[in-house]
Chemist: 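Can you read through this structure? Questions will come right after.
None of these values were measured; they are calculated from a predicted model. By convention in this document, chain letters (A, B, ...) are assigned in the order of the sequence lines, proteins followed by strands, and residues within each chain are numbered from 1.
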Amino acid sequence: MKIVTWNVNSIRSRFESAKKVIESLKPDVLCLQEIKVIDDLFPYDFFKSHGYNYNAVRGQTSYNGVAILSKIPFLLQENISFKKEARHLSIKIKDVEIHNLYVPAGGDIPDPELNPKFADKLEFIDSVKKWFKYNKKATDKIVVLGDLNVAPLENDVWSHKQLLKVVSHTPIEVEKYNNLQNSLGFFDANRHFISKEEKLYSWWSYRNRDWRKSNRGRRLDHILLTESLKKHLKFANIYKDVRDYERPSDHVPVLIKLECA
DNA sequence: ATGGTTGGACCCCAA
């Protein structure tokens, strides 16, 4: 089973990119964030025409919004609510739960006292951590993926030193992120295959003339798995070339292959 | 230190 997570930054602006992503990566399950559309206006037909007959959409106008498109039937699970914002969707395929998350970006000022958006971000990560701790077991087969908006490792950003006070890589966020990761002993699918010593990004700002040349990337998109899925994980990759598509999202897709038991 | 760009709604906000 191939599972992809991708922050599309508006699905209605991303048809051409999405078509190419679907045709090249051929995911069985496609988890999207920042669809920026209400449920009624979601492009269900576009995905059906590409073989995704099963969908779960939790949209919102203008901001946020998450969706899961699947070629395989699934069961819709409980969603976490947070200030009426559409940031979580979860499904179950066989005995594997998939949780699609869009963590708040958190604004610019890395101080929860001065910046309510940053306070919300910390609170959101905390509440998700608690939710997993109370509702799930470390022995469950769980995939947590999405735009988690935190680059936890030194080599998840282009300059650890220069980003210590930049929202997405501040010590307080990384601590919250690690607490979430440790809640059920999740491991990082991409770092399972690529050493922590190696630079690895999934996002490059639009505000660069040449994203590839400046290469000031960050790894904000993640796939975390509980230990019981370790033996099933066969492959993980980040598709950097998608950043060069026409009208690209600022995030690129991240994929894992799970060999089912 | 600042500004750079994109998307979606509305005459600016969030990323």
Chemist: Using only side-chain N and O atoms of A:Arg247, determine if any of them is under 4.0 Å from OP1 or OP2 of B:dG7.
Modeler: yes
Chemist: To the nearest angstrom, how far is A:Ile35 atom CD1 from B:dG7 atom C1'?
Modeler: 14 Å
Chemist: Please enumerate all residues that pass salt bridge (charged side-chain N to carboxylate O under 4.0 Å, His left out) together with A:Lys137, with sequence neighbours excluded.
Modeler: A:Asp140
Chemist: Suppose we screen for side-chain contact (heavy atoms from CB on, under 4.5 Å). Which residues come up paired with A:Tyr54, at least two apart in sequence or across chains?
Modeler: A:Ser70, A:Pro73, A:Phe74
Chemist: Walk along nucleotides 9-14 of chain B from 5' to 3' and tag each nucleotide B, S or - by protein heavy-atom contact under 4.0 Å, base first, then sugar-phosphate.
Modeler: S----S
Chemist: State the NZ-CG distance between A:Lys121 and A:Asn149, to the nearest 0.5 angstrom.
Modeler: 5.0 Å
Chemist: When clusters are formed from ILVMFWY side-chain contacts under 4.5 Å, directly or step by step, what else is grouped with A:Trp131?
Modeler: A:Ile80, A:Phe82, A:Leu101, A:Val103, A:Phe124, A:Ile125, A:Val128, A:Phe132, A:Ile142, A:Val144, A:Leu148, A:Val150, A:Val174, A:Tyr177, A:Leu180, A:Leu184, A:Phe186, A:Leu224
Chemist: Give the rounded distance in Å between these two atoms: NZ of A:Lys165 and P of B:dT2.
Modeler: 15 Å
Chemist: Please tell me which of A:Asp108 and A:Asn208 maps to the more 5' nucleotide of DNA chain B, matching each residue to the nucleotide holding its nearest heavy atom.
Modeler: A:Asn208
Chemist: Output yes when A:Arg212 and A:Asp241 qualify as a salt bridge under the 4.0 Å nitrogen-oxygen rule, no when they do not.
Modeler: yes
Chemist: Using a cut-off of strictly less than 4.0 Å between a heavy atom of the residue and any atom of DNA chain B, enumerate the qualifying residues of residues 148-164 of chain A by number.
Modeler: none
Chemist: Rounded to the nearest Å, what distance is computed from the CD atom of residue A:Glu34 to the C1' atom of nucleotide B:dG7?
Modeler: 9 Å
Chemist: So which residues get pulled into A:Tyr206's cluster when ILVMFWY side chains under 4.5 Å apart are joined, directly or through others?
Modeler: none
Chemist: Give me the distance, rounded to whole Å, that separates B:dT5 from B:dA9 when you measure between the P atoms they each carry.
Modeler: 22 Å
Chemist: In whole angstrom, give the distance that lies between atom CG of A:Leu220 and atom P of B:dA15.
Modeler: 13 Å
Chemist: Work out how far the C1' atom of B:dA15 is from that of B:dG3, and round it to whole angstrom.
Modeler: 15 Å
Chemist: For A:Lys26, check salt bridge (charged side-chain N to carboxylate O under 4.0 Å, His left out) against everything at least two apart and list the hits.
Modeler: none
Chemist: In whole angstrom, what separates A:Arg243's CZ from B:dA15's C1'?
Modeler: 13 Å
Chemist: Find the distance A:His251:NE2 to B:dG7:C1' and express it as a whole number of Å.
Modeler: 13 Å
Chemist: Take the protein atom CZ of A:Arg216 and the nucleotide atom C1' of B:dG4, then report the distance between them rounded to whole Å.
Modeler: 11 Å
Chemist: Hydrophobic side-chain clustering at under 4.5 Å (ILVMFWY, transitive links): who's grouped with A:Trp203? Put none if nobody.
Modeler: A:Leu220
Chemist: Would you say A:Arg12's side chain and A:Val37's backbone share a donor-acceptor pair under 3.5 angstrom?
Modeler: no
Chemist: Select base, sugar-phosphate, or nothing to describe what A:Asn9 touches, counting heavy atoms under 4.0 Å on all strands.
Modeler: sugar-phosphate
Chemist: Taking CG from A:Asp210 and P from B:dG4, how many angstroms apart are they, rounded to a whole number?
Modeler: 17 Å
Chemist: Which value, in whole Å, describes the distance between the C1' atoms of nucleotides B:dA14 and B:dC10?
Modeler: 14 Å
Chemist: Identify, with sequence neighbours excluded, every residue that meets side-chain contact (heavy atoms from CB on, under 4.5 Å) alongside A:Asn64.
Modeler: A:Gln60, A:Glu85, A:Arg87, A:Tyr102
Chemist: Would you mind telling me which residue lines up with the more 5' stretch of DNA chain B, A:Asp147 or A:Arg14, judged by nearest nucleotide?
Modeler: A:Arg14
Chemist: If we take the C1' atom in both B:dC11 and B:dG7, what is their distance in whole Å?
Modeler: 16 Å
